[in-house]
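A note on names: the letters A, B, ... follow the listed sequences, proteins ahead of strands, and every chain is numbered from 1.
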2 protein chains.
Amino acid sequence: MDSPDTRGAVVQARRKIPLSRESVLAKALELVDADGVDALTMRRLGQALGRDPMSLYRYAENRAALLDGVAELVLEDLSIKKDDPDWKAQLRQLAHDLRLLAIRHPNVVPLLVTRPLSTPLGMRPLGTLRPLEQILSLLIETGFEPKDALHVYRAYYGFLYGHLLNELQEYIVDPDENEALLRLGLHRLPPKEFPRLRALAPELAEYDGSEELDQGITILLTGLESQLSQQRLVQQR
Amino acid sequence: MDSPDTRGAVVQARRKIPLSRESVLAKALELVDADGVDALTMRRLGQALGRDPMSLYRYAENRAALLDGVAELVLEDLSIKKDDPDWKAQLRQLAHDLRLLAIRHPNVVPLLVTRPLSTPLGMRPLGTLRPLEQILSLLIETGFEPKDALHVYRAYYGFLYGHLLNELQEYIVDPDENEALLRLGLHRLPPKEFPRLRALAPELAEYDGSEELDQGITILLTGLESQLSQQRLVQQR
DNA sequence: ACTGCCGTATCTACAATGTAGACTTTACCC
DNA sequence: GGGTAAAGTCTACATTGTAGATACGGCAGT
């Protein structure tokens, strides 16, 4: 009749530390980082924590909420310092920070990108909305009209996320066989239909994401700036 | 040898006409459009087609391949006319086309965005790679160096996808209660932490995605153009 | 020391899912 | 007919998320 855990003393020491939302999410992130989103099942997570899977429901309503929590946790590493008055430099810095985050947790990116699509803005985890608020705040405090701030934010964040998706798509998982493997992938394509793509194989292999992101940001921000200042002139007369 | 397509009047309603990859994918798309990606299960799809779920495996290796097929099917509606020599106009047009596609099939967007993240470039469904090839081709034929064409493509497609994600995130499912509902969503946010966001509620409600996309494209393309022509000058001397 | 209580964790159970493998049906050619 | 290959079906199984009841373990009050 005794339960399978015969090692009472040991269990006692283990069990002394109760779970917490943070520890659960941290472990969940570990699993996702290691094996991808699909590998994060309630049972596996429970096992990794040495607890019954059902105990997890104390810390997240369901699996979807757990995934939201993971996304939130990752985004918490982002910070934007409000003291710097140079908004363009700030946004550029933030872009690179997010890029590095994404590269550090590539398996989380699908969550960052997909979850908001199925959650109305106001219902998102607060941690997810914080960057948005901070950017708006930054822009407004450097003189933008709120409406323009929103405009800038949308273009900026749009481009940023798009770039990340692009870059991660081309991200090679096994950089060892780098070019060869890449070519091998492309080799499968019918030459008649995809001559350009195949010819660009070497260039694809030496993709510098950071550089590309930086240039895009530059174009976008200066473009936005001039667009807005021009528009202001028109309004004044 | 080709299979004899004697699908004339011989086939009676009594006997089920055979499935085809197209019909399966079309029905799959219907399900996704109606109830989202998760609602597309083998069993449901089988039922919708009046067949045993197992029969689907003749037309797709597994569920993931089915999803790829759906993404491919949607993208087939995109076409880029090669005759127009104005690359900027072409890309702008294509951007709007893709936007409309995305709005028509919002539930497919997660697939468009997520699937490539788990498939190396060369292994993607060909229909998915065709736009890439066509854009490269267009750019190269209007005089871009292949390498620059790739650069333009990346910035362009990155921005485009990012914009779509952004816009769909704010897409209101029930446009009836439009503003009120939106505010209600935002109302949940702690005012101390999210003053800017809350204040911007009205502006959020009157988002014009087409306009925003157009402006972004303009900025990006003219920026890219001047960046490249400048760079060419430097190289010449 | 006993009792009630409550937050935490576990146990059991169930319906739904993807898919392997063996089997049956159908259509058509000689 | 008989044979063959494609199309479709049946059965079975492991895995999933999670509802609902139950146990556990420490704390308060008496």
CG (B:L40) and CG (B:L111) are apart, to the nearest 0.5 Å, by 8.5 Å
Taking atom P of D:dG17 as reference, at what distance in whole Å does atom CG of A:N62 sit?
-> 11 Å
Gap between atoms CD and P, on A:Q47 and D:dT15 respectively (whole Å) | 12 Å
d(CG, B:L45; C1', D:dT9) in whole Å | 16 Å
Round to the nearest Å and state the distance from B:R44 atom CZ to C:dG18 atom C1'.
-> 13 Å
Measure from CZ on A:R51 to C1' on C:dC11 and round the result to the nearest Å.
-> 16 Å
Mind checking the CD-CG spacing from A:E193 to B:L129? Nearest 0.5 Å is all I need.
-> 10.0 Å
Minimum-distance nucleotide (side-chain atoms of B:M54 versus D:dG17, C:dA20, D:dA7) | C:dA20
Side-chain N or O of B:Y59 closer than 4.0 Å to phosphate OP1/OP2 of D:dG8 = yes
B:R63 near the nucleic acid: base, sugar-phosphate alone, or nothing, with a heavy-atom cut-off under 4.0 Å?
-> sugar-phosphate
Check every strand shown and say whether A:T41 touches a base, only sugar-phosphate, or nothing at a heavy-atom separation below 4.0 Å.
-> sugar-phosphate
For residues A:H96 and A:L213, determine if any side-chain heavy atom of one lies less than 4.5 Å from a side-chain heavy atom of the other.
-> yes
Out of D:dT9, C:dC11, C:dT8, which has the shortest distance to the side chain of B:D52?
-> D:dT9
Examine D:dT16: is either OP1 or OP2 under 4.0 Å from a nitrogen or oxygen in the side chain of A:R43? Give yes or no.
-> no
Under 4.0 Å between a side-chain N/O of B:R58 and OP1 or OP2 of D:dT9, yes or no?
-> no
Parallel under 30°, tilted from 30 to 60°, perpendicular over 60°: which one fits the rings of A:Y157 and A:Y161?
-> tilted
With the threshold set at 4.0 Å, does a side-chain nitrogen-carboxylate oxygen contact exist between A:E133 and A:R130?
-> no
Rounded to whole angstrom units, what separation is found between the CG atom of A:L49 and the P atom of C:dT10?
-> 10 Å
Mind calculating the distance between CG (A:L40) and P (D:dT16) to the nearest angstrom?
-> 11 Å
Taking the side chain of A:S55 as heavy atoms from C-beta outward, which of C:dA9, D:dT16, C:dT19 is closest to it?
-> C:dA9
May I have the distance from B:D38 (atom CG) to C:dG18 (atom C1'), rounded to whole angstrom?
-> 14 Å
